[in-house]
Every structure is written in structure tokens, then in C-alpha cells.
Amino acid sequence: MEPKMFCYQCQETAGCTGCTQAGVCGKKPDVAAMQDLLVYVTRALSAVTTRLRAEGREISPEVNHLITLNLFTTITNANFDKEAITARVRDTLAIKAELLAQVAQPESLPEAARWAGGEAEFESKAAQVGVLSTKDEDIRSLRELITYGLKGLSAYSKHANALLQEDTEVDAFLQRALAATLDDRLTADDLVALTLETGKYGVSGMALLDKANTGAYGNPSVTRVPIGVGKNPGILVSGHDLRDLEMLLKQTQGTGVDIYTHSEMLPAHYYPAFQKYPNFVGNYGNAWWKQKEEFETFNGPILMTTNCIVPPKDSYRDRLYTTGAAGYPGCRHIPGGIGEEKDFSALIRHAKACQPPQEIERGEIVGGFAHAQVLALADQIVEAVTSGAIRKFVVMAGCDGRAKSRNYYTEFAKALPRDAVILTAGCAKYKYNKLDLGDINGIPRVLDAGQCNDSYSLAVIALKLKEVFGLEDINDLPIVYNIAWYEQKAVIVLLALLYLGVKNIHLGPTLPAFLSPNVSKVLVDRFGIAGIGTVEDDLELFFGPERSAG
Ligand code: SF4
Ligand code: SF3
């Protein structure tokens, strides 16, 4: 069949090769095309800003923010709204034209930087600039690997920017690297080096976000989060944007409307600044892909602050609101830029006219083991490792998804030896965070550091343990990595770990389709990256044949 689109940026890509007729995620070919064009014009704008910096000019924060928001908009499951994406293409071209006029020798920039097509040409241009426009499969693979890492980095930057934190070096790198994906002179070796540099700036971007989050909301601490429901009508908040949640919590005080978190918003409960709100009652449901059932039974309005949106059922479509980078055609979008107060009164009015949520679970989840909390428990943890009570930590961070093969992670968690502790972050945790895995000398066997955005905590914890145990090499720690990925934020986390020198990371449930055989080989040879096998085989690999039963 003639391909109508080509996208292979996420783990669920069709046939583990590429979505060519429609996205498994629900993305339609016309939206995919407009996303391709948005990435293209963003690469072009980045080529212009990178040249201007080289000429000694400053780039405004507004332009930096436009670029990060553009990339964030194209992350899997963030935005399905063709009109909104087209508007961003228009705005980007307008700003590029303004900046291009300031470049000393524009003719030496790549063709993309000089393209100034009108809206009538958008569709035909989009058809020429997608992933497959790079013919060499290894160059294409590396360009996309870098681009997906930069999409993840953009998400982290955008969240930090929302809390008025900036790192202009991260922005300059992001734009330089994005511009480099247009440069036909770069060899595969150049692009491998740029991939690793992307990981370096991934660490900086994650550190910036950590500073922004903890500076604004305090350090997460051990928290028990209820998963049942109350009697008031509620608003369910999903995605990753803590600033949006803060505004909503403030605006709902005294209204009789309760706030619940869904999926990746769960870790908001771990922050002291949010715990003071009496109507911030708990977490409802599970990971993003369960939306269809859980949004239906929630009964009230739902606010998607970022990815991951599942195309909604008619039963709750009118209750689904988006904001920030998120968008869905026909769903109401709450506007508001960085530093602006968003107006959530429409959701609050809507909630008051709805029934309270229907109970789907009871009990609680324990989390809040971000770096400060874990470091506060360092003596206890070091003692448990030294005495042999904890044999190994298993990093099982990352994403959840709908593929049945992900049941591997539940089975793996259940079968782990009882002296193993899971370190996690991201929505991958929903595969095992409601199992009763117990504790080791009071240390829970699942230590949840937070959102995928908080994966930085896992790196800080590993580096601290390396220091405490006086080790030369981070790979000598009793930590193994069995990471689940789905979308592009997991790509920047992976690149950040590689930059920190972590070897032998297992990535599943399948390896990325965008890695060509040669690029995979580089990752295998240099970093020992591997996929997953059966639970039994992998446990033997990580713990040896003598492992005790879980
Ligand atoms: Fe397919 Fe994933 Fe791209 Fe959606 S984001 S079109 S599922 S590869
Ligand atoms: Fe999850 Fe989308 Fe990646 Fe934030 S919500 S980890 S998949």
C-alpha cells in the first residue's frame, strides 16, 4: 500500500517499523504531515538562530520558547490538532523571516532556512520534508535519534521555563543540534558525537527542571497517596505540568471541587507545596493508555497539560480540556503563556455540574523518593547494602504503554529476588506500583522518584552512592537498568544516562525502530545496550543462576 505518512518515533510504531497509513496512537496522516512541517521549519529557524549567535547576536527568550514548544507539540500523544500545529508553522515562518533578514550571508544557510512558502504550499512541502527525505538510513537514524532526544529535552526545558527558569546554554545547544540535522556535510561519526553531546545537555536540562520544581514546590518526601474517591465533584489533571496544577489548585479553593491526579501527575502529591491544599485528594486510575475507561468513570472534566492524550471517546470528549503543548480537535484549549495566569473557571463551572467520580480502586500508593528524600535515608540504605539486606537496585523507570508485551514488567517485578529494590520514575511504575512488594528493613521495594521528568533524581542517587562507596566507575554500583520506553522523553533520559557513562542498559519492550542496524551496533558495542528477553532469562542475567525466588 502507498504510504500516506511515515512516523517511527515511538515504541508502538506499526509493525516495529513505522506508521504509514495512520498512527497506532491515533495520529492521522494530515496531522503527521503538519508535524513534519513544524519540525522542518523549527530546524530552519534553529539554523538561523545558530548563525545569529555565531555572529554575536542574542536570541530572545521568546524565540527560544517558541522552538521548545514547537518540538514539545510534536511529541507522541501531545497534540492532534492540525489547526493549532498549522498556526505554529505560520508563526515560526514569520519569526524566521524577521531573523533571517538580520543574517549577514543568508545564502550560505541551508535551503530550509531560506524557504518562505505560503500556506498554500504547506501540504506539498510537508510531503517532501518528512523522516524519509534523508535517504541514507544511518544518517536518517542518527538525525532522528538526535531530534527525538531534543524533543524530550524541549519538554524538560518548557516545564522549567513555565517556572521562570532558563538555561540559555541548553537552548543554544538545542538549536545548534537541531540545525545540524539539516547539514548534509556531517558524517555518521559527527552525528554519533552530537548524539552523545545531546545526552550531556540532557543532564543540564534535567538539572534545570529539578531546580525549578524543587525551588518552586520544595523537595518531594515520602507520601502516601489515596487512590479512592471522595463525595465532591472533581477535576482530573494529567500530563506533567506542575505550574498548571498549581494554578488550578489555587483557583479551586473554596469551590467544593476536588482535584485528582491521573497518570504522570501522581508525583505532584509528593511535593510539600501541593499537600497544603485540602481539595487535592488523590490519584485516580493508572497510566495514560487506560484513559478510555478511566476518563469515562471519572465523571468530571479532565485537564491534559501535556502528553499522553488517547483520542477520546464520545462519552467524555466534551469533558476533555487541553492546555500548553497539548491539543485535540474539538476539545477546549485553555490558553496562557509563560508567566501568565491561566483561567480555569470553565473547568470549575463544568465540574460543578458533574457527578462525583465513580470509585474504581481503594487504597494508597507510596512515593516521593526523589534525590533529597533518598539522600536523607542514605545511612539506612548504605547499611542495607553493606549488610547484604539489599543485593541490587533495579532501575525500572520510563514509560508504560498498551502493548501486551509490557506485562513482562509486572512479571519481572513480581519475580525479582526479595533482596532487590526497584528505583523508578515515569509512568512505567503503574505496571508494578500496586503490587504488594513489601520492604527491606523499612525501605519500600519500589522507590518512586516521580515523573519521567524526575529521572534526574535517579542519576543523582547513583552518583551519590558511587561517592559513598568510593567507586571509580558508576557501573561498579549494585544497580542494573531495565528501562521501559515509549515516547521521546525516554530518549533524552537514555542519552543522559549514556553521557553519564552508564553501560548495559536494557531497553524494552522493543528496541526503537529508528535505530538502523549500524546505529544499533554502535550502541551495543560502545554501551552494551540490549533489549529484553524472558523474565527468567533476564533475572538470571541480572542476578546470576543462584538467585533466590521472588
Ligand atoms: Fe506511530 Fe508512534 Fe508516530 Fe504515533 S507517534 S504515528 S504510534 S510512531
Ligand atoms: Fe508516560 Fe506518556 Fe512516557 Fe512521562 S505519560 S512517561 S509515556
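None of these values were measured; they are calculated from a predicted model. All ligand and atom numbering here is 1-based and tracks the order in the structure.
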#### Entry: Donor-acceptor contact below 3.5 Å, side chain N283 vs main chain T261
yes
#### Entry: Backbone or side-chain N/O/S of C308 under 2.8 Å of atom 2 (Fe) of ligand 2
yes
### Query
Quick check: are there more than 12 heavy atoms from other residues, nucleotides or ligands sitting under 6.0 Å from NZ of K211?
no
### Message
Looking at ligand 2, would E264 count as a contact under a 4.0 Å heavy-atom criterion?
### Response
yes
### Query
At a 4.0 Å threshold, what atoms of ligand 1 neighbour a non-hydrogen atom of C19?
1 (Fe), 6 (S), 7 (S), 8 (S)
### Message
Need the ligand 1 atom indices (1-based, order shown) with element for anything under 4.0 Å from a heavy-atom of T76.
### Response
5 (S)
### Query
Any idea which protein heavy atom is nearest atom 4 (Fe) of ligand 1, and the distance to it?
C25 SG, 2.3 Å
### Task
Give a yes or no on whether H240 keeps an N, O or S atom under 2.8 Å from atom 4 (Fe) of ligand 2.
yes
### Message
List ligand 2 atoms under 4.0 Å from Y486, heavy atoms only on the residue side.
### Response
7 (S)
### Task
Number the atoms of ligand 1 from 1 as they appear, then name those within less than 4.0 Å of a heavy atom of C7, with their elements.
3 (Fe), 5 (S), 6 (S), 8 (S)
### Message
List ligand 2 atoms under 4.0 Å from C399, heavy atoms only on the residue side.
### Response
3 (Fe), 6 (S), 7 (S)
### Message
Whether the E264 and H240 side chains hold a donor-acceptor pair (N or O, under 3.5 Å, no angle test) is what I'd like checked.
### Response
yes
### Query
Between Y271 and Y217, what is the ring plane arrangement, given parallel below 30°, perpendicular above 60°, and tilted in between?
perpendicular
### For N307, atoms of ligand 2 separated by under 4.0 Å from a heavy atom
2 (Fe)
#### Entry: Close-contact set for ligand 2 against C427 heavy atoms, below 4.0 Å
1 (Fe), 5 (S), 6 (S), 7 (S)
### Part of Q451 with heavy atoms under 4.0 Å of ligand 2, whether side chain, backbone, both or neither
neither
### Message
Tell me if the CD atom of Q21 is crowded by more than 12 foreign heavy atoms within 6.0 Å.
### Response
yes
### Message
So, of the N/O/S atoms that E487 has, which is the nearest one to atom 3 (Fe) of ligand 2?
### Response
OE2
### Task
With H262 as reference, evaluate W288, F295, W289 under the ring pair (Phe, Tyr, Trp, His ring centres under 6.0 Å) test and give the passing residue.
F295
### Query
Does M5 come within less than 4.0 angstrom of ligand 1, counting non-hydrogen atoms of the residue?
yes
### Task
For R406 and Q11, test the side chains for any donor-to-acceptor distance below 3.5 angstrom and give the result as yes or no.
yes
#### Entry: C452 near atom 3 (Fe) of ligand 2: N/O/S under 2.8 Å
no
#### Entry: Full working for salt bridge (charged side-chain N to carboxylate O under 4.0 Å, His left out) between E293 and K290
CA-CA 6 Å; E293 303 90 58; K290 293 267 189 80; 5.7 Å; no
#### Entry: Atoms in ligand 1 flagged as close to Y8, the criterion being non-hydrogen separation under 4.0 Å
8 (S)
### Message
Is it true that, when you exclude R224 itself, more than 12 heavy atoms of the residues, nucleotides or ligands shown sit nearer than 6.0 Å to its CZ?
### Response
no
### Query
Does the side chain of D448 come under 3.5 Å of the side chain of Y270 through a donor N or O and an acceptor N or O?
yes
### Task
Show which atoms of ligand 1 fall inside a sub-4.0 Å distance from at least one heavy-atom site of C10.
2 (Fe), 5 (S), 7 (S), 8 (S)
### Query
Is the backbone of L182 close enough, under 3.5 Å, to the side chain of R43 for a donor and an acceptor to pair up by distance?
no
